[in-house]
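Accompanying notes for the structure given below.
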Amino acid sequence: MICKKIICCIIISITIILSFSCCQNQNDKIDSNSTPQINNSSQNNEISTKNIIDIESRNLDFDETDLIGMWQIGNVGVAAGYAETLRFSEDGEFFHIPNQMTQEKRLIASRGEWKYEKKTNQVTLLYDQQLVIEGGVFQPEDEFDYEAYKGGNPVIKDYLKEEQYTVGRDKIDFGEEEESEVVYTLTNKDKYFYLGPYLDGIDYYQDLFSGKIKIYEN
């Protein structure tokens, strides 16, 4: 009787051990099968993200109408005056304006025609004229009088030059109190940031080059 009990216990023990072994082997198979799937998923995510970045760098959803307005060198902040700017009109004309905070300057503006190539995200600037002040004595009436060459004469000169800029995007962080913003940029050796579709200043410089208004008094 005792022997029968011992035999039964041995059989039960062997059964339990075999069952545990089978379960362990099955788990090992599941783990071995699942691991490549997890890795593949991770790899696919990396590839997908990389493709999105590449596509965005090539296709900026930028059209030539997005070029219209004012672009400022270096940053998007404006204090008492604008830094060096590029200003684009709807009819294909542009003006390159020096830093307004530089008082003693003879170059008032350069102008020309612009072209945009969407496939390459390239903007070509074809300069043809500059407005400069010849002669006169620099006599500013106050610290905000940027254009005060007394006795000077505004002269339009030929200025033939070609520049190419690449359209891009930068993320601007305004600090903790304001949300960051992604803005378009134009880059060659310098970088200009898009400020907005401001065209009033363009009319002013068009009138300067046409002679309708003068900014210097003799």
Side-chain angles (χ1 to χ4, degrees), residues 49-103 105-133 146-147 156-175 178-210 215:
T49 302
K50 182 176 184 300
N51 287 341
I52 290 172
I53 293 172
D54 288 344
I55 290 171
E56 288 179 347
S57 66
R58 294 194 301 271
N59 182 10
L60 298 175
D61 193 26
F62 185 89
D63 191 79
E64 64 179 26
T65 56
D66 296 312
L67 191 65
I68 308 306
M70 184 183 300
W71 302 69
Q72 180 176 250
I73 195 170
N75 59 71
V76 296
V78 179
Y82 291 108
E84 183 180 323
T85 56
L86 290 168
R87 309 185 188 195
F88 297 87
S89 71
E90 297 172 326
D91 61 0
E93 187 177 27
F94 79 90
F95 295 91
H96 194 164
I97 316 300
N99 191 328
Q100 289 184 326
M101 303 303 292
T102 303
Q103 289 183 307
K105 61 178 182 289
R106 291 188 176 275
L107 174 62
I108 305 306
S110 305
R111 72 160 301 281
E113 306 295 324
W114 61 265
K115 297 179 181 179
Y116 173 62
E117 177 57 51
K118 188 174 181 63
K119 290 182 179 180
T120 59
N121 288 320
Q122 294 285 322
V123 177
T124 301
L125 304 185
L126 302 171
Y127 291 81
D128 56 18
Q129 291 179 326
Q130 283 188 331
L131 177 62
V132 299
I133 299 301
Y146 310 117
E147 301 151 348
I156 296 177
K157 294 186 174 184
D158 292 336
Y159 180 67
L160 302 180
K161 180 182 178 181
E162 179 177 329
E163 289 183 339
Q164 285 193 331
Y165 290 79
T166 301
V167 180
R169 286 188 293 196
D170 268 11
K171 185 176 182 180
I172 307 299
D173 188 359
F174 295 101
E178 298 185 37
E179 294 183 359
S180 60
E181 181 181 352
V182 176
V183 299
Y184 285 118
T185 59
L186 294 176
T187 305
N188 59 8
K189 63 181 184 299
D190 299 307
K191 181 175 288 189
Y192 293 78
F193 293 81
Y194 185 62
L195 298 186
Y198 311 128
L199 296 176
D200 293 342
I202 290 178
D203 296 337
Y204 174 72
Y205 287 101
Q206 285 174 335
D207 289 341
L208 285 179
F209 275 86
S210 67
I215 54 177

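This one's a predicted model, so the numbers in the text were calculated from it and none came from an experiment.
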### Task
Taking all non-hydrogen atoms of both residues into account, name the closest pair between Met101 and Gly81 and its distance.
SD-N, 3.7 Å
### Query
Do you see a donor-acceptor pair shorter than 3.5 Å between the side chains of Asn121 and Tyr116?
yes
### Task
Rounded to the nearest 0.5 Å, what's the gap from CD1 on Ile97 to CG on Asn99? Could you check?
11.5 Å
### Query
Can you tell if the side chain of Pro197 reaches within under 4.5 Å of the side chain of Ile68, non-hydrogen atoms only?
no
### Task
Determine the minimum heavy-atom distance between Leu195 and Tyr82, stating which atoms define it.
CD1-CE2, 3.9 Å
### Task
Hey, could you give me the CD1/CD1 distance between Ile156 and Ile108, rounded to the nearest 0.5 Å?
11.5 Å
### Task
Could you label the plane-to-plane angle of the Phe88 and Trp71 rings as parallel, tilted or perpendicular, counting under 30° as parallel and over 60° as perpendicular?
perpendicular
### Task
Applying side-chain contact (heavy atoms from CB on, under 4.5 Å), name anything that partners Ser210, two or more places apart in sequence or on another chain.
Asp207, Lys212
### Message
For the CD atom of Glu162 and the CG atom of Leu125, what is their distance to the nearest 0.5 Å?
### Response
9.0 Å
### Query
What are the two closest non-hydrogen atoms of Phe193 and Gly74, and how far apart are they?
CE1-O, 3.2 Å
### Query
Between Phe95 and Phe209, what is the ring plane arrangement, given parallel below 30°, perpendicular above 60°, and tilted in between?
tilted
### Task
List the steps and the verdict of side chain to side chain donor-acceptor pair (under 3.5 Å) for Gln72 and Thr85.
CA-CA 4 Å; Gln72 180 176 250; Thr85 56; over 6 Å; no
### Task
Could you walk me through whether Glu117 and Thr124 pass the side chain to side chain contact (heavy atoms under 4.5 Å, CB included) test, one step at a time?
CA-CA 8 Å; Glu117 177 57 51; Thr124 301; over 6 Å; no
### Task
Might you work through the side chain to side chain contact (heavy atoms under 4.5 Å, CB included) test for Asp158 and Asp128, ending with a clear yes or no?
CA-CA 6 Å; Asp158 292 336; Asp128 56 18; over 6 Å; no
### Query
Between Lys191 and Thr185, is there a donor-acceptor pair closer than 3.5 Å when you use the side chain of the first and the backbone of the second?
no
### Straight-line distance of Leu67 CG to Leu186 CG, nearest 0.5 Å
6.0 Å
### Task
Measure the acute angle between the ring planes of His96 and Tyr127, then classify it against the limits of 30° and 60° as parallel, tilted or perpendicular.
tilted
### Query
Taking atom CG of Asn75 and atom CG of Asp170, what is their separation to the nearest 0.5 Å?
11.5 Å
### Query
Tell me the salt bridge (charged side-chain N to carboxylate O under 4.0 Å, His left out) pairs involving residues 79-94, sequence neighbours left out?
Glu93-Arg111
### Query
Going by distance alone, is a donor N or O of one side chain under 3.5 Å from an acceptor N or O of the other, for Thr166 and Gln122?
yes
### Message
Working to the nearest 0.5 angstrom, can you tell me the gap between Leu107 CG and Ile133 CD1?
### Response
10.0 Å
### Task
Please check if any side-chain donor atom of Tyr165 sits under 3.5 Å from a side-chain acceptor atom of Glu163, or the reverse.
yes
